[in-house]
Number of protein chains: 2
Amino acid sequence: MASESSSNAERAGEILVHLGNAGVDGMSLQALALALGDAKSATRRALVALSKRGFVEPAARYGHYRLGPAIFGLANRTTSVTELVRRYRPAVTEVAAITQQSSYLMVRAGFDAICVDMHEGTAFVQTLTGGIGGRVPLGIGPGTVSILTLLDDPLALSILDHNAPRFGQYNRADMAKVTRELDRARALGFSYDIGETYPDAGGVAVPIVSSRGNTAAAVSIAIPASLLTQKRAEEIAGVIRAAIGKCAPA
Amino acid sequence: MASESSSNAERAGEILVHLGNAGVDGMSLQALALALGDAKSATRRALVALSKRGFVEPAARYGHYRLGPAIFGLANRTTSVTELVRRYRPAVTEVAAITQQSSYLMVRAGFDAICVDMHEGTAFVQTLTGGIGGRVPLGIGPGTVSILTLLDDPLALSILDHNAPRFGQYNRADMAKVTRELDRARALGFSYDIGETYPDAGGVAVPIVSSRGNTAAAVSIAIPASLLTQKRAEEIAGVIRAAIGKCAPA
DNA sequence: ACATATATGCCGATTATTGGAACTCATCAT
DNA sequence: ATGATGAGTTCCAATAATCGGCATATATGT
């Protein structure tokens, strides 16, 4: 996949994202270069640049690289997110407890949504989002659609346009389908999905109107499609909204 | 301070480090440009590049930037560090409990050491390292010296050479003083410091010989200089070493 | 409402990056 | 233990990018 990496700093971010999905063993140079669509020499250069501050470090296997301690260290400094998690964790756990399903706290990160907190439910699909730290393109899944409702329309559309090439992997052949979901979510105040993203999987999400702007987030659940109807979705949305409401603004 | 930023990806890392020390309110563009020693236009360019993936996001104040959710998301994927913390946390807490002082788990990140775990003691100096995520140049403080003992001599020396300009801020006028500490630490198997880095502050550190190479780490404590003698340092080193030993290799 | 500082666009020159191929090294099989 | 294979690493000149500065419009905080 040729990614339009204009700046070199973007490439650095791209590398970090890819290594984040790699695990302890990391990735080899050529695997990274292939994923980025760049030459090995260019990839390596960025790699050593990131190594200088410890954002990347050599893995156990020869010539493999993985995320370094600098990332971990910085995580405790992302106060905007840590505060968000601390405040809304009660909602995430409560929603999971009531619905008996896995619940997630998703926040916007560029063109994607990232899962920053979750609570495993008793049943069914676990980690549709790939667990904490998992990235999903905005427009894929109800959680991300709810986040989009918090954004200005031109911004939301530009994001959808950017992500359109990736929709095919998720039964989103045409973008119109996603924009319809977005419109519905704006009207209802929540977003739901019955087997439209993943077969047999459904979801419900309620956006979090952040007290002090800028961070767009949502609380969502994953639930078997067989258990979900529009009426049930409304009920669940009410549960989520109530749980969010209990989390007082700092 | 003019930093020799050869690559552009380095600049990205530099920005992340600076923003990590900024807090929720983030930093203004000009403050960042000044800290990096670059033009505002170049700094802004890198900033928007990092924003595309959510590594950086606009803060509440207009024109201010802070760390974004992507950093938080990646932290759970730095398996090398999370495993290290999970394994040696018992040692950190035990050392703090026995010595009644703050204890730290430090790992190498490029030319610095980063505090990845800590346990506040009852007394005295808290957070000499700046808390979890805090960076300290390798060579400053016993924890970092112990880490240096895990490295090859040429590498350790090159790191010290790189950090030499920063030693002045910490009563390290000449590098010889640091190399002497390093030699002593190699000989003793641990490192200690009595009021040499910060007045009235002392510290003891024991390196962690990582089962599967690559990651260099150490467990250290901070203690009032008045309570520390070489004999006491040896005792404390024994405590730390014992605690580390209890943390069985995975 | 005024002043400050940002966001954004542009443009020429310098600079670093790019991509390829040769070299070196670690790993794997024998 | 040794050789063969497949990596990763280094070097190079040409290319393409970035850089830095400036001007304008905008948003903010006093």
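Per chain, numbering begins at 1; letters A, B, ... match sequence-line order. On a predicted model such as this, the values are computed, not experimentally measured, just so you know.
Qualifying side chain to side chain contact (heavy atoms under 4.5 Å, CB included) partners for B:L47, counting only residues two or more places apart in sequence or in other chains: B:I15, B:L29, B:L32, B:T43, B:V56, B:Y65.
Rounded to whole angstrom, the span from the CD atom of B:E10 across to the P atom of C:dA16 amounts to 12 Å. Per the geometry, NE2 belonging to B:H64 stands 12 Å off C1' belonging to C:dT4, to the nearest Å. Between B:L47 atom CG and C:dT8 atom P there is a gap of 11 Å when expressed in whole angstrom units. Per the geometry, CD belonging to A:Q30 stands 18 Å off P belonging to C:dA26, to the nearest Å.
In summary, B:R186 and B:D153 engage in a salt bridge, as defined by a charged side-chain N under 4.0 Å from a carboxylate O. Checked for salt-bridge contact, A:R86 and A:D117 miss the test: no charged N lies under 4.0 Å from a carboxylate O. Salt-bridge formation is not detected for the pair B:D25/B:R66: no Lys NZ or Arg NE/NH1/NH2 atom is positioned less than 4.0 Å from an Asp or Glu carboxylate oxygen. Salt bridge status for B:D38 with B:R44: absent, with no side-chain N to carboxylate O gap under 4.0 Å.
Using a 4.0 Å heavy-atom cutoff across all strands shown, B:L29 reaches sugar-phosphate atoms only and no base atom.
The closest side-chain heavy-atom distance from B:F111 to B:N163 is below 4.5 Å. Looking at A:P58 and A:H64, their side chains never come closer than 4.5 Å, going by heavy atoms from C-beta outward.
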Scoring nucleotides 20-30 of chain D by protein non-hydrogen atoms under 4.0 Å (B base, S sugar-phosphate only, - none) yields BB-----SS--

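The C1' atoms of five pairs define one axis at each end of the helix from C:dA1-D:dT30 to C:dT30-D:dA1, and these two axes lie 80° apart (to 10°).
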request  = Carefully, step by step, assess B:L160 and B:L182 under the rule side-chain contact (heavy atoms from CB on, under 4.5 Å).
outcome  = CA-CA 10 Å; B:L160 288 180; B:L182 179 55; 4.3 Å; yes

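Put simply, B:R44 has a side-chain N or O that comes within less than 4.0 Å of OP1 or OP2 on C:dT8. For D:dA7, neither phosphate oxygen OP1 nor OP2 lies less than 4.0 angstrom from any side-chain nitrogen or oxygen of A:S28.
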